[in-house]
Amino acid sequence: MEKSLARYIWSNTRLQQLWILAVVAASMIPYFLSFDLPKQIVNGPIQGDGFDNANATQTFMHLSYDLPLIGHVELFQGIQLNRLQMLMALSLVFLALVVLNGLFKFYINTYKGRLGERMLRRIRFQLIDRVLRFPPSHFKKVKSAEIATMIKDEVEPMGGFTGDAFVSPALLGGQALTALAFIIVQNFWLGMIAAGIVGVQAIVIPRMRKRLLDLGRQRQLTARELSGRVGEIVDGIGTIHGNDTSNLERADIASRLGLIFKIRYDLYQWKFLVKFLNNFLAQVTPFLFYAIGGYLALQGRLDIGQLVAVISAYKDLPGPLKELIDWDQMRQDVQVKYQQVYEQFNVEPLIDSKIQEIPGDVVGPLTAALVVTNLAVSDDSGARLVDHVSVEIKPNETVAIVGPNGSGAEAFAEALGRIVWPDSGRISIDGRDLLDMPESVTGRRISYASSDTYFFHGTLRDNLLYGLKHAPLTDPGYDSQKALELKWRNAEALRAGNPTFDLNSDWVDYNAAGANGPEDLLKAIRPVLDAVMISQDILDLALRSSVDTSVHVVLADRIVDLRLALRDRLKEENLDTIVVPFDFDAYNPQATVGENLLFGTMKRPMMTNRRLAAHPYFQQLFRDTGLSNDLYAMGLEIAENAVELFHDLPPDHPFFQQLTFMTADDIPTYQALLQKLTSRKFEDATAEERSSIIRLSFAYIEPRHRFGLLTDELMAKIVSARKQFHEHIPDDLSALIERYDPERFTASASLMDNVLFGRIAYQQADASDQIRLIMGELFDQLDLYDDVLSIGMEFDVGSGGKRLTMVQRQKVNMARTLLKRSDYFIFNRPLLALDQRVQDQIIRNVVTGLHEEGKRPAIIFVLSNARLAEIFDRILLFERGGLAEAGGYPELSEKNTMFKELLS
């Protein structure tokens, strides 16, 4: 990186800076002329100087000056005008100069802003580019939040300064010098006074501001450290809660905030002291002008027009001067920030940029052996993890790496995957060092997976296909307008030193996954998902998701077939009582009272339970049918039973899991509400109290809660109210409530609810698991499995993939690695969160699956279970960082004592 910010800016914006400096120089001409005009207006047409009689004329725009050492200079002879004409003409010229100066400022400021934003874009991209090229060991020393803060916030002022770096001193200095020169031309002594005050401001104020720079540097460092600390709290929240250290963290944050407060308070005090002195000096000069200039005018040594022109010129002097001083402070402040950025990002050795370039040719397979020669790897403390290991792994070989904890097996696998860089020795393929090979080769032909997983915020599909997105492959096919926009964006990207890759292109390398395009991609993905045993998990995610019917048209159209197939299958297996279907003319005992009354789903978030209950039509229906009293009485009984049964139980008691209408925290609230409502009728209760009680009845399910509150009469009344509700439903409610229809897909319901079109019986043990397994088989039979799988793959995995379980994350990470169909697969104990039996099954699936259809990529697997080494061609046995022995399973299991111990 360039160490000096000024040199960095000049080297990247040289031509633009020269152009804007030329514009600034041109702008000084009308700026100077605007100072002389007030004197001409006052002395000429207003006071009548040169107009001896009514018919007298004077030359308009006669530009001539008496300059020291040069003499009389005449720029323009002008035209003859009378007194009134002269006044109007000079006033119009003054207006024109004001407009012209404004246009110059507008152009200069706009150009500066665009220049600054381009530079900000450039430096942010270059910093992120450097992050992508940091050596792996450096990431152990930095906090991600601090790096992000520097790129996002700390370089922000550099963009604003870029436009001002050379233009501001030229523009502001030129304006100040122009105003000062004009004052000196009008009166030498007034000019010297102004020059003296300017000199004091230019010398004293910057010296005082050095303290401000030091405080600003301290503020920046403490704020960055605070950002990093907050990031640590977020990442380590589980550790904090698990060790009861939340108050320690509060104390730490309070201490840091206190330090920032002290620094900022000192900064404000010193800042406003400097501002006071600067303003004082700026106001002293007008006092001297009025006093001394007025005295000279009274003595006849200075005419009134000159005095007005001098005061008018000085009015424009403090502004540029103050801004020039501010620019100098900003320059020093930004240089300090840039220096900190330089120190943080000037990391050596960086990965060579050529290693990460997109290849021009097709990346061919690796056909040579992986040769490890005298490899040594150490940790950050200098402890040797791998000690001079040499081994050769053939392209089609399966190798198991085993060893006790701390044996060096994991570090050896990390070195093979380029996760760590060796201290000495080398890893090579066909004579080429692995570290010197382009990532387009190693990232596609060598795959690495460990138990450490990370997923980017997005869908499961995006993260699963992440390893196939190496370069834009397919043109999105823009229309003419979007093509023009893309052309403009690309031109701006080039000006800012950014690449012109189109993110909207299709980046997925379908051929690498064994597919021809997006149409058959799922067929290539599915065997991989089955191998890592995550297909059922994704299917469950799909069943709990809502379906976009505009995308999954076939699935929505065949929902009736699915429902019928499910009913037939349940009858075949004598499970037809496991699901109670919805019937508009009958009460569904397995559904809640609210679901039975509504007989449909609400389109959230436009409609909610609270909004529905407050709707006038819904309230009128309750009053007309008498359900208000019935459900209020039912709610009171539910509250009484719940309070009586559960008020003595601890909040974490498992019985509370059966209460869908009340939590442990609600028990005291309803206990107090019951005491208040014991002797009061429905009419005596407030609207809020009635709502709280009736709400309990909406979530009641007789087979689940078993309070014996649902009579045949009440169920019939609810069904009758349901019919009345849908018969006269107003348009505004009809648009927000989707009624259950056996012949139609319910878009606002989950996929499982759509297929079931009913509710699972609570009395049946393991009913939900049975239904999911049957549904999976039905999807396969009806050729809908891929459609359902694609719905599950749209699941948002959350920040860092935290919406998935650790087991799911490790399985998806394994699947992502397998999808690349590489030549070398390196698995570094990737499934530690899984049960050992499941691990063994997945490993067998992976080894078998990778060596199907004539393909035999090299598989290097660090095993947790040494017994599984029997399915590999060769075993590397590690001990204390060294390769203790290598050989086949029969040989080592008979002769090697340590391997025998690992097997036991």
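Positions are given from 1, in the same order as the sequence printed here. No experiment lies behind these values; they were computed from the predicted model shown. Excluded from the calculations below are hydrogen atoms, water molecules and symmetry mates; all remaining heavy atoms, backbone and side chain alike, are included.
- Of the possible donor and acceptor atoms, none in the side chain of Ser505 sits under 3.5 Å from a partner among the backbone N and O of Leu473.
- Checking side-chain atoms of Lys603 against main-chain N and O of Ala735 turns up a donor-acceptor pair under 3.5 Å.
- Looking only at side-chain heavy atoms (C-beta outward), Ile538 and Gln808 stay at 4.5 Å or farther from each other.
- More than 12 heavy atoms of other residues, nucleotides or ligands shown are found within 6.0 angstrom of NZ on Lys723.
- Two residues are said to be in side-chain contact when any heavy atoms from C-beta on lie closer than 4.5 Å; Ser748 and Thr746 meet this criterion.
- Nearest heavy atom pair, residue Ala524 against residue Ala515, reads CB-CB, 4.2 Å.
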task = Go through the steps to decide whether Leu460 and Phe455 satisfy the test side chain to side chain contact (heavy atoms under 4.5 Å, CB included), and finish with yes or no.
result = CA-CA 9 Å; Leu460 184 59; Phe455 296 97; over 6 Å; no
Chi angles and distances behind the salt bridge (charged side-chain N to carboxylate O under 4.0 Å, His left out) call for Asp769, Arg772 = CA-CA 5 Å; Asp769 293 337; Arg772 287 202 300 272; 2.5 Å; yes
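- Although no hydrogens or angles enter the test, the distance criterion places no donor-acceptor pair under 3.5 Å between the side chain of Ser822 and the main chain of Phe825.
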Pair Tyr889-Leu868, side chain to side chain contact (heavy atoms under 4.5 Å, CB included): steps then yes or no = CA-CA 10 Å; Tyr889 183 86; Leu868 210 60; over 6 Å; no
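- Using a 4.5 Å heavy-atom cutoff, the side chains of Leu597 and Phe725 are not in contact.
- Expressed to the nearest 0.5 Å, how far CG of Asp540 lies from OG of Ser768 amounts to 8.0 Å.
- No donor-acceptor pair under 3.5 Å is formed between the side chain of Glu397 and the backbone N or O of Ile859.
- For Asp835, the CG atom is densely surrounded, since the number of other residues' heavy atoms within 6.0 Å is greater than 12.
- No donor-acceptor pair under 3.5 Å is formed between the side chain of Arg816 and the backbone N or O of Gly467.
- The 12-atom threshold is exceeded at CZ of Phe707, counting heavy atoms of other residues, nucleotides or ligands nearer than 6.0 Å.
- Annotation for Leu521 and Ala513: closest pair CD1-CB, 4.2 Å, computed over non-hydrogen atoms.
- By the 6.0 Å and 45° rule, Arg739 stacks over the aromatic ring of Phe584.
- Note: Leu366 CG to Arg444 CZ = 12.0 Å, rounded to the nearest 0.5 Å.
- Taking every heavy atom of both residues into account, Lys811 and Leu834 meet most closely at CE-CD2, 3.7 Å.
- The pair Lys820-Asp509 does not count as a salt bridge, with every side-chain nitrogen at least 4.0 angstrom from each carboxylate oxygen.
- Remark: Arg844 engages Glu870 in a salt bridge, criterion side-chain N to carboxylate O under 4.0 Å.
- Within the 4.5 Å cutoff, side-chain heavy atoms of Leu562 are placed close to those of Leu555.
- Here the side chains of Phe779 and Leu789 are not in contact, with every heavy-atom distance at 4.5 Å or above.
- His470 places no side-chain N or O within donor-acceptor distance of the main-chain N or O of Trp507, the cut-off being under 3.5 Å.
- Atoms CD1 and CD, on Ile718 and Glu595 in that order, are 12.0 Å from each other to the nearest 0.5 Å.
- Between Phe827 and Thr817, some side-chain heavy-atom pair lies under the 4.5 Å cut-off.
- Here the side chain of Tyr448 pairs no donor or acceptor atom with the backbone of Ile419 at under 3.5 angstrom.
- A distance of 10.0 Å separates CG in Asp537 from CG in Leu529, rounded to the nearest 0.5 Å.
- Between the CZ atom in Phe861 and the CD1 atom in Ile843 there is a gap of 4.0 Å [rounded to 0.5 Å].
- By the 4.5 Å heavy-atom criterion applied to side chains, Val807 and Val838 are not counted as neighbours.
- The CD atom of Glu794 sits 9.5 Å away from atom CG of Asp548, with the distance rounded to the nearest 0.5 Å.
- For the salt bridge (Lys or Arg N to Asp or Glu O under 4.0 Å) condition, the pairs that include at least one residue of residues 776-791, sequence neighbours left out, are Lys523-Asp786, Arg526-Asp780, Arg569-Glu777.
- No donor-acceptor pair closer than 3.5 Å links the side chain of Tyr762 to the backbone N or O of Ile701.
- With no hydrogens or angles considered, a side-chain donor-acceptor pair links His615 and Asp732 at under 3.5 Å.
- The number of heavy-atom neighbours closer than 6.0 Å to CZ of Arg706, taken from other residues, nucleotides and ligands shown, is 12 or below.
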message = Checking Phe795 against Arg544 for the side chain to side chain contact (heavy atoms under 4.5 Å, CB included) test, could you report, in this order, the C-alpha distance in whole Å, the side-chain angles of both residues, the deciding distance, and whether it holds?
response = CA-CA 10 Å; Phe795 178 75; Arg544 294 194 294 270; over 6 Å; no
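- Between Phe582 and Ala591, the closest heavy-atom pair is CE2-CB, 4.3 Å.
- A donor-acceptor pair under 3.5 Å is absent between the side-chain atoms of Asp576 and the main chain of Leu570, judged by distance alone.
- Shortest non-hydrogen contact noted between Arg744 and Val560 is N-CG2, 4.4 Å.
- Salt-bridge check for Arg445 with Asp823: passed, with a basic side-chain N closer than 4.0 Å to an acidic carboxylate O.
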ask   = Step by step, would you call Met775 with Leu566 a side chain to side chain contact (heavy atoms under 4.5 Å, CB included)?
value = CA-CA 7 Å; Met775 282 186 180; Leu566 179 62; 4.2 Å; yes
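- Arg809 places a side-chain N or O within donor-acceptor distance of the main-chain N or O of Leu804, the cut-off being under 3.5 Å.
- Residues Met715 and Val719 have side chains not in contact (no heavy-atom distance under 4.5 Å, counting atoms from C-beta outward).
- Nearest heavy-atom pair across Asn405 and Arg829 is OD1-NH1, 3.6 Å.
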